[in-house]
Amino acid sequence: MKRTKISALLQMIPQGQMVNLKGWVRSFRNNQFVALNDGSTLHNFQVVLNMKAVGEGMLKRITSGACISVTGSLLASQGKGQSAEVMAKEIEVLGDCDPEKYPLQLKNRPSLEYLREIAHLRFRTNTFGAVFRVRNTLAYAVHQFFNEKGFVYLNTPVITASDAEGAGEMFRVTTLNIKNPPLNENGEIDFREDFFGRSTNLTVSGQLEGELGAMALSEIYTFGPTFRAENSNTTRHLAEFWMIEPEMAFYDLNDNMDIAEEMLKYVIKYALEKNNHDIDFLAKRAEEEEKQKPQQERAEMGLLEKLKFSVEHDFARITYTEAIEILRNCNHNKKKKFQYLVDSWGIDLQSEHERYLVEKHFKKPVILTDYPKAIKAFYMRQNDDEKTVRAMDILFPGIGEIVGGSQREERLEKLEQRMRECNLPIQELNWYLDTRRFGGCPHAGFGLGFERLVQFVTGMGNIRDVIPFPRTPKNAEF
RNA sequence: UCCUUGGUAGCUCAGCUGGUUAGAGCACAUGACUGUUAAUCAUGGGGUCCCUGGUUCGAGCCCAGGCCGAGGAGCCA
């Protein structure tokens, strides 16, 4: 008999029809009621069995975590917790689960930290089931959004030879024998003998290659893994993460902000509709967690409120210069409550400053633009004031920077001048500069940290809990 | 990498001023139970107190070094 997913069973009208369902046992009560979950939805489905008919041998095998297949009739439930249930006629154990050895005991309320240690099993919890269903929806929505807009999904290389992108420390890729590498005349490692005939790394950004695509296809986006070998130990950094990088010809900074804001709202709204049960559950979970915190640290809005608010209101848009003025004149600064006081133009904003702007002053997502050029990357377009660049960062409550982007410098001389100032090897990036030499045009783009987006929508506090198998310093298990 | 903080049963935690045999809840095992909702009830087993060294008559507790986790900072998405 063909299997029916639990998500589909819940939609059916129970009329005693025969159905088959398969899934993992969440709990077994009174030797009679099995709560079965197959991951198609947050909800479990209740299977009722006749303990005498089933037999003691089979009864003992229905343990928490076991995988079973049940065939029986779909009936209206006599109990209160659910509207329908399956009266089992046939039960098959697809996979036994020894309860004494099974590390995931759901009734123990295992901590997120513990579940991270058994990441191969944590999908079987309500929380992680919900998180990864939402993650899937968000990924799908990103593709759908760009597809509707006529963007071309472009795959940029994971292995790159360029180490001049300046986005962070890189992981080396090599097939050389690290115990005994070949050396050149100067006694240095001879990468001519390496697999690619040169030194290579894992990508820290697909942006430069993305720009090349945009200079012909007009609008492209990438969505792929990105690697940074920074020794970052925070709730919002991973060594391996997924980044979405759109790059658009003929867009200026305003167009860039418009499409970034539109996209964020689109995907959040999409998830709110598609995964409302999961997000409701995650919202309750987040609320429980908030209650553990001291009153002062609690967020003013719940997860659902926060998501709906973000979708319904315009993001605040201010320049770096305006932000400095707000911060300099705010009571918080005057009372010297910032660890780093805001006194002069040109300073890099600290997390506490960004958080103040987003969480206290505007109380909604904020787009900061036109940063001093000294604190931003070489490829950002210089403003006429010679001091600032057409950068934009989108800051979200609780997460911080979720998007970083800019209008790109399309003027060859200005770009080369910046590269010299930043000590970048112009020769190595000749292919990049060619787009400015041959039919260049104004263009813009941004990078969106996918896991940070998933964090925002799921309300999960730690980025390690929104990617199946997190890679962080000293951790690459599974 | 820096600052703060933690590591005690399978899990979540308590453990007083350094003192005899280290506790609880849940989980697990055994038994009971045909309308349960984290089922319930009874009984039972279960410990490298993170590691190494030191102080002490005596260390889960004090000291030093290390390992690992969490929160914050920096770097950023």
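Bear in mind the structure is a predicted one, so any value in this text is a computation, not a measurement. By convention in this document, chain letters (A, B, ...) are assigned in the order of the sequence lines, proteins followed by strands, and residues within each chain are numbered from 1.
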Inset, instruction - Using a cut-off of strictly less than 4.0 Å, decide whether A/Arg29 has a side-chain nitrogen or oxygen near OP1 or OP2 of B/U36. - result: no
Tabulate protein N/O versus nucleotide N/O from nucleotides 2-7 of chain B, keeping only pairs under 3.5 Å, one per line.
none

Legend entry - Gap in Å between the two P atoms, one belonging to B/C28 and one to B/G66, rounded: 41 Å
Inset, instruction - Go through residues 122-140 of chain A and report each residue with a non-hydrogen atom lying under 4.0 Å from RNA chain B, sorted by number. - result: none
Between protein and nucleic acid, restricted to nucleotides 8-11 of chain B and to nitrogen or oxygen atoms under 3.5 Å apart, what atom pairs and distances do you find?
unit_1, atom_1, unit_2, atom_2, d
B/G10, N2, A/Asn108, OD1, 3.2
B/G10, N2, A/Asn108, ND2, 2.7

Legend entry - Gap in Å between the two P atoms, one belonging to B/C3 and one to B/U17, rounded: 28 Å
Inset, instruction - Return the set of residues passing salt bridge (charged side-chain N to carboxylate O under 4.0 Å, His left out) with A/Lys265 (not counting sequence neighbours), or none when no residue passes. - result: A/Glu261, A/Asp314
Inset, instruction - Pick base, sugar-phosphate or nothing for A/Lys60, based on heavy-atom distances below 4.0 Å to the nucleic acid. - result: sugar-phosphate
Inset, instruction - For A/Ser64, report the nucleic acid contact type (base, sugar-phosphate, nothing); a contact means any heavy atom under 4.0 Å. - result: nothing
Inset, instruction - Provide, to the nearest angstrom, the distance between the CZ atom belonging to A/Arg236 and the C1' atom belonging to B/G74. - result: 9 Å
Let me have the donor-acceptor pairs involving side chains of residues 47-69 of chain A, under 3.5 Å, with sequence neighbours excluded, atom names and distances please.
unit_1, atom_1, unit_2, atom_2, d
A/Asn50, OD1, A/Lys52, N, 3.0
A/Asn50, OD1, A/Ala53, N, 3.2
A/Arg61, NE, A/Asp96, OD1, 2.8
A/Arg61, NH2, A/Asp96, OD2, 3.0
A/Thr63, OG1, A/Cys97, O, 2.7
A/Ser69, OG, A/Asn20, ND2, 3.1

Legend entry - Inter-nucleotide C1' distance (B/U8, B/A59), Å rounded: 14 Å
Inset, instruction - Quick one: label A/Glu113 by what it contacts on the DNA or RNA (base, sugar-phosphate, nothing), any heavy atom closer than 4.0 Å. - result: sugar-phosphate
Legend entry - A/Lys107 NZ - B/U36 P separation (whole Å): 16 Å
Inset, instruction - Drop me the distance from A/Leu357's CG to A/Lys363's NZ, to the nearest 0.5 angstrom. - result: 13.5 Å
Inset, instruction - Please report the closest heavy-atom contact between A/Met18 and A/Lys89, naming both atoms and the distance. - result: CE-CD, 4.0 Å
Inset, instruction - Enumerate the residues from residues 340-356 of chain A whose closest heavy atom to RNA chain B is under 4.0 Å, giving them by residue number; use none for an empty result. - result: A/Asp348, A/Gln350, A/Ser351, A/Arg355
Legend entry - Positions of residues 238-247 of chain A (non-hydrogen atom under 4.0 Å from RNA chain B), listed by number: A/Leu238, A/Phe241, A/Met243
Inset, instruction - For A/Gln455, answer base if it contacts any base atom (sugar-phosphate contacts may also be present), sugar-phosphate if it contacts only those atoms, and nothing otherwise; contact means non-hydrogen atoms under 4.0 Å. - result: nothing
Inset, instruction - Grab the CG-P distance between A/Leu59 and B/A39 for me, whole Å please. - result: 15 Å
Inset, instruction - State whether the side chain of A/Glu230 and the backbone N or O of A/Glu169 hold a donor-acceptor pair below 3.5 Å, judged by distance alone. - result: yes
Inset, instruction - Considering only atom C1', compute the distance from B/U4 to B/G74 and round it to an integer number of Å. - result: 15 Å
Inset, instruction - Using the P atom as the reference point in each nucleotide, state the distance between B/C26 and B/U43 in Å, no decimals. - result: 12 Å
Inset, instruction - Classify the nucleic acid contact of A/Ser27 as base, sugar-phosphate or nothing, counting any heavy atom under 4.0 Å across all strands shown. - result: sugar-phosphate
Legend entry - Nearest-Å distance once atom P is located in both B/G69 and B/G35: 49 Å
Inset, instruction - Sort and list the pairs that fulfil salt bridge (Lys or Arg N to Asp or Glu O under 4.0 Å) and have at least one residue in residues 126-142 of chain A, not counting sequence neighbours. - result: A/Arg133-A/Asp278, A/Arg135-A/Glu451
Legend entry - Between B/G25 and B/U40 - P atom distance, rounded Å: 14 Å
Inset, instruction - For RNA chain B, find the residues of residues 464-475 of chain A with a heavy-atom distance under 4.0 Å and give them by number; none if there aren't any. - result: A/Arg464, A/Lys474
Legend entry - Span that lies between the P atom of B/C50 and that of B/A9, in whole angstrom: 8 Å
Could you go through residues 30-38 of chain A and list every donor-acceptor pair under 3.5 Å that involves a side-chain atom there, pairing it with any protein atom two or more places apart or in another chain?
unit_1, atom_1, unit_2, atom_2, d
A/Asn37, OD1, A/Gly39, N, 2.8
A/Asn37, ND2, A/Leu42, O, 3.3
A/Asn37, ND2, A/Asn44, OD1, 2.9
A/Asp38, OD1, A/Ser40, N, 3.0
A/Asp38, OD1, A/Ser40, OG, 2.6
A/Asp38, OD2, A/Arg3, NH2, 3.3
A/Asp38, OD2, A/Ile6, N, 3.0

Inset, instruction - Could you check how far NE2 of A/His237 sits from P of B/U1, rounded to whole Å? - result: 16 Å
Inset, instruction - Check salt bridge (charged side-chain N to carboxylate O under 4.0 Å, His left out) between A/Arg236 and all other residues, then give those that pass, not counting sequence neighbours. - result: none
Inset, instruction - Would you classify A/Gly79 as touching base, sugar-phosphate or nothing, given that sugar-phosphate means primed atoms plus P, OP1 and OP2, and contacts are heavy atoms under 4.0 Å? - result: base
Inset, instruction - Kindly say whether A/Asp252 contributes a backbone atom to a donor-acceptor pair with the side chain of A/Asp255 at under 3.5 angstrom? - result: yes
Inset, instruction - Report the residues that fulfil side-chain contact (heavy atoms from CB on, under 4.5 Å) with A/Asp258, sequence neighbours left out, ordered by chain and then residue number. - result: A/Arg317
Inset, instruction - Give a yes/no answer on whether the side chain of A/Asn462 brings an N or O atom under 4.0 Å of OP1 or OP2 in B/G71. - result: yes
